[in-house]
Amino acid sequence: MTTPDAAAQTPAADSSREPAFRYTPALAQEIELRWQDRWEERGTFHAANPSGDLTGPGGAAPSGDPYFILDMFPYPSGAGLHVGHPLGYIATDVVGRYRMMQGDNVLHAMGFDAFGLPAEQYAVQTGEHPRVVTERNIEIYRRQLRRMGLAHDQRRTFATIDPGYVRWTQWIFLQIFDSWYDADAVRPGGGKGRARRIAELRDELAAGTRPVPGYPAGTDWAALSVTEQRDVLDSQRLAYVDESPVNWAPGLGTVLANEEVTADGRSERGNFPVFTKALRQWKMRITAYADRLTDDLELIDWPEKVKSMQRNWIGRSTGASVRFDVIGTSDDDAAGAGEQVEVFTTRPDTLFGATFMVVAPEHPLLDEVPAAWPDGTREAWTGGHATPAEAVAAYRAASAAKTAVERQADAGKKTGVFTGHLAVNPLTGTPIPVFTADYVLMGYGTGAIMAVPGGDDRDFAFATAFELPVIYTVLPDGGLPEGFEGAWTGDGVTVNSPAADAGDIPASDLAINGLGVAEAKAATIAWLEARGIGEGTITYRLRDWLFSRQRYWGEPFPIVWDEQDRPVAIPESALPVDLPDVPDYAPRTFDPNDQDSSPEAPLGRNDDWVSVTLDLGDGPKQYRRDTNTMPNWAGSCWYYLRYLDPSRADADTVVDPALDAYWMGPNHNPESGVAGGVDLYVGGVEHAVLHLLYARFWHKVLFDLGFVSSVEPFGKLFNQGYIQAYAYRDAHGFPVPAAEVEGNETSGYTWQGQSVAREYGKMGKSLKNVVTPDEMYEAYGADTFRLYEMSMGPLDVSRPWNTRDVVGSQRFLQRLWRNVVSEDTGETVVSDEVPSTETLRAVHRAIADVTAEMAGMRPNTAIAKLITLNNYLTSLDSVPRAAVEPLVLMVAPLAPHVAEELWERLGHPESLAREPFPVADPQYLVEDTVTCVVQVQGKVRGRLEVPPSISDADLQAAALAEPNVVKAMDGKPVRKVIVRAPRLVNVVV
RNA sequence: GCCCCCGUAGCCCAAUCGGCAGAGGCAGCCGGCUUAAACCCGGCCCAGUCCGGGUUCGAGUCCCGGCGGGGGCACCA
């Protein structure tokens with residue numbers, strides 16, 4: 001580094017006359033390294049399992065309530081940590097240490113998410129194997145994290161690339177592959193729908209108790225060929241292969257899940273264009289779980305923001321599907337007459353107002369269109385084309401040529417064309433034109449809508465552009481507001497259903513005028529169902545999860561393909577399937593805009609690996625291995641389970657059921673709810689719909705199959721804020737090294753004499769504002785660093801890093817140190833005298849406050865209370881042991897090394913890690929007198945010192961006698977007196 | 001366009017059920033210590049809570065409408 005780092009600026013380092021035993025960065029470092037070694041030697045943070053060989057420190061059995069803490073899995077990038085990364089890790093460490101002192105059996109460990117693109121990309125650049133790169137990065141992370149003094153159980157760490165871990169990732173994949181979703185099966189805990197074994201499906205099909213999916217009713221299972229049977233079963237699996245439109249990113253060389261594509265049609269990683277392309281890929285049937293993934297959010301303690309993002313993403317919407325008859329043109333033949341188009345609508349109550357219909361350009365109805373424009377076709381509808389066939393072909397071509405980005409940019413602009421088809425509104429009997437337009441998406445609902453311009457903004461915009469009639473069927477009380485134009489989408493009363501002037505032959509006997517929206521919906525659905533025209537339906541935005549990637553650095557699929565090109569599971573005994581060596585592990589990437597390219601899996605480059613002879617029960621046969629790898633998310637879908645049982649190898653279950661029940665089962669401790677799961681999961685909000693959705697899905701499959709007992713993996717989720725930083729740019733807009741900038745908010749900022757502009761944003765190399773934990777350890781020590789991060793503000797709020805402010809935390813620890821240890825002699829200086837009542841009150845007040853703040857996960861305010869107590873003790877002539885010992889214990893979760901050191905110097909040979917957290921004695925929490933505020937008309941006019949137990953009547957009498965109050969009342973009669981004894985009296989005159 | 005969160009001292013942030021606007025830290029100022037400076041110690045200064053209404057005896061806190069900042073979703077029928 002060419003710039004002077006923070007270490008060089010530390011004041012403590014340059015003075016030769018500093019007291020010999022001051023708590024300097026050098027001393028802090030010595031203490032910290034010593035205690036880190038001791039903790040490791042003693043196994044201080046070993047969490048005790050109720051069975052097996054993982055015991056507590058010194059072989060101890062579990063005691064207290066189990067409490068499972070989880071951090072979002074770090075991905076060890078080559079850049080190492082900056083000070084923003086560990087915020088959550090420190091927070092969970094503080095909670096873990098606090099709970100440990102409260103007597104809980106705390107499980108807290110950290111592993112590494114190590115497959116994935118960054119390591120692979122780095123490896124491609126440097127020519128090193130991704131495993132080498134990844135393992136080196138993990139070592140750097142381990143060192144940086146250990147230096148922070150995190151109370152992790154080191155026996156439970158692992159990385160997703162460990163063969164022993166990959167084995168189980170693949171094993172879980174096989175469980176999912178071996179399952180199907182029975183939507184009607186009743187779950188043990190209640191509710192319908194659960195995963196079952198594929199063998200059970202086969203048995204039911206063979207027994208004829210279940211219709212064969214995809215075949216006409218009454219099809220005999222036994223009449224199907226073996227391959228036909230396999231195809232049926234394969235099509236029902238929760239992990240399946242099919243050919244359908246997927247997201248293909250040529251510039252990245254792989255296909256992606258919907259969740260990995262941004263709203264403007266680019267890859268979240270790398271920002272490459274993404275194209276929709278029909279490809280044969282692995283998918284996971286997450287849509288089968290859409291309802292449970294939505295409903296079970298009720299059972300867990302998560303930020304409302306994340307819950308709503310998940311609900312949003314799943315996008316459940318309730319409505320009805322309605323079938324419209326399509327009629328040909330007048331001279332059309334009978335063949336087209338019977339056709340129907342099904343639409344999905346959330347507003348069946350507005351069906352009387354459906355004046356036209358729109359289908360997506362890809363809709364199969366458009367494969368044949370009438371030969372000529374029907375009577376009544378308007379000029380504006382045809383797009384200037386002579387025939388419907390021409391018009392539709394032109395629009396379909398134009399629409400197909402649009403990229404997702406263009407389609408996005410055109411949103412709002414309504415384009416489309418009449419298809420020549422007419423459909424019949426089943427309620428009014430009126431023929432209505434069928435349009436095609438790209439504002440209707442083939443991928444949602446049925447790809448067709450009934451357009452109600454009177455009740456939908458998009459339909460209104462289209463109707464306006466194409467001169468189509470608007471019928472309002474819902475109006476607010478008192479009719480549309482003066483001057484209102486557009487669709488009425490709000491609540492209201494149903495009208496025009498049927499219209500008063502519908503004539504003497506009503507097309508239907510449904511009459512919903514006067515009903516509210518909800519009742520009108522229900523009545524319409526009932527009417528449609530009774531006549532077989534439609535039914536109540538639920539649709540989802542969620543799509544099945546695209547699970548295969550054409551990448552090297554991921555878990556291989558435990559699947560081979562047989563000579564019929566059908567997938568076959570690798571037997572569990574043959575797991576894990578290791579990654580082969582390949583001549584080149586770089587992905588095959590293409591011009592980012594080359595839509596016609598196709599993915600090519602790097603694993604396919606090793607023919608010896610791909611082609612394999614196996615005996616899978618019917619003699620040795622030749623198979624072809626699946627050459628895809630799993631997405632990065634696979635490893636993080638179940639890592640929390642691995643902490644419970646980190647060395648589990650060959651077994652029938654991924655985690656010992658006894659351990660699962662103990663650590664994660666429903667109600668496994670007093671705070672755990674019926675859903676069970678991890679007690680505290682801390683991480684950033686960025687995984688709201690990726691990792692957190694996928695992991696919940698896998699967990700629910702494992703639950704259905706009986707491998708875990710909790711309904712949800714993460715009972716409580718907490719999103720920490722981000723630590724951001726100031727950056728500075730010179731007159732040309734170039735970032736200058738932030739550490740060298742001088743000045744402040746009022747005087748302005750300069751760098752090397754020139755004025756620079758400050759901005760606020762992420763910490764990163766390009767902004768030259770990175771501060772690393774290593775710099776902080778060097779300049780202040782880990783305890784000060786931890787304390788500063790925790791005192792910056794509430795955990796869930798983002799805030800700016802300010803190295804300049806760190807000194808405040810350091811001063812606190814120095815004062816604490818001085819209250820116990822003489823800076824000159826190094827002797828312990830506490831007195832064994834009984835503390836004064838005033839001191840005891842200060843101590844117990846602090847204990848009560850700190851306990852409340854810690855329990856509420858507010859370390860910033862807990863620290864403020866600790867500083868207050870410490871400052872009070874500083875003011876005493878001598879510090880009583882009985883006062884400072886509780887303080888040291890309370891500081892321990894936040895600044896554990898210095899607390900351990902002081903605790904030892906105070907004469908305690910054992911670590912304080914499991915020492916009981918101090919408990920406040922209620923007798924020192926009551927005051928002799930309290931200050932009562934007396935207000936007149938809500939303004940403070942006087943104060944009274946009164947006993948806390950004073951009665952309302954006495955207090956009122958005293959208040960009305962107070963001279964300033966009497967003066968303020970100015971002789972006016974008292975109208976009312978509000979008494980909140982003993983703190984407040986308010987006199988109203 | 002729709003939804004969510006946040007605006008308190010120069011800066012980062014507290015404030016229980018609606019009850020005295022200040023816990024803590026940074027910066028600043030004054031003093032002590034020091035040959036001097038830094039460190040350290042003691043003390044001080046600093047906002048009426050983004051703006052406008054409303055409810056209430058009483059509003060930073062609740063309600064309505066704006067403004068500013070951050071985030072999510074976005075042609076999802």
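So that the names make sense, note that chain A is the first sequence line, chain B the second, and so on, each numbered from 1. Note that the structure is predicted; figures quoted are calculated from it, not measured.
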For B:G66, is chi within 90° of 0 (syn) or not (anti)? anti
Nearest-Å distance, [atom1] ([X]) to [atom2] ([N])?
X: A:L955; N: B:G19; atom1: CG; atom2: P; value: 17 Å
X: A:F812; N: B:G25; atom1: CZ; atom2: C1'; value: 11 Å
X: A:D456; N: B:A77; atom1: CG; atom2: C1'; value: 6 Å
X: A:L816; N: B:G24; atom1: CG; atom2: C1'; value: 15 Å
X: A:N860; N: B:G25; atom1: CG; atom2: P; value: 14 Å
X: A:E823; N: B:C39; atom1: CD; atom2: C1'; value: 9 Å
X: A:L813; N: B:G24; atom1: CG; atom2: C1'; value: 14 Å

B:C73 pairs with, by Watson-Crick or G-U criteria that keep both distances under 3.5 Å: B:G1
How close do A:P361 and A:S399 get, heavy atom to heavy atom, and via which atoms? CG-OG, 3.5 Å
Can you give me the N/O atom pairs linking the protein to nucleotides 71-73 of chain B at distances under 3.5 Å, or say none if there are none?
from: B:G71; atom 1: O2'; to: A:K305; atom 2: NZ; distance (Å): 2.9

Under 4.0 Å between a side-chain N/O of [X] and OP1 or OP2 of [N], yes or no?
X: A:N871; N: B:G25; result: yes
X: A:R980; N: B:G18; result: no
X: A:S317; N: B:A77; result: yes

Without hydrogens or angle criteria, can the side chains of A:N802 and A:Y788 be said to hold a donor-acceptor pair below 3.5 Å? no
Should A:Y540 and A:D291 be marked as a side chain to side chain donor-acceptor pair (under 3.5 Å) after you check the CA-CA gap, both sets of side-chain angles, and the distance that decides it? CA-CA 9 Å; A:Y540 303 90; A:D291 268 321; 2.7 Å; yes
Show me, pair by pair, the donor-acceptor contacts under 3.5 angstrom made by side chains of residues 975-989 of chain A, not counting sequence neighbours?
from: A:N986; atom 1: OD1; to: A:G938; atom 2: N; distance (Å): 3.1

Determine the contact category for A:I867: base if any of its heavy atoms lies under 4.0 Å from a base atom, sugar-phosphate if only primed atoms, P, OP1 or OP2 are that close, otherwise nothing. sugar-phosphate
At 4.0 Å (heavy atoms only), tell me whether A:T346 reaches a base, stays on the sugar-phosphate, or touches nothing. sugar-phosphate
Taking only residues two or more places apart in sequence or in another chain, which ones pass side chain to side chain contact (heavy atoms under 4.5 Å, CB included) with A:V829? A:S822
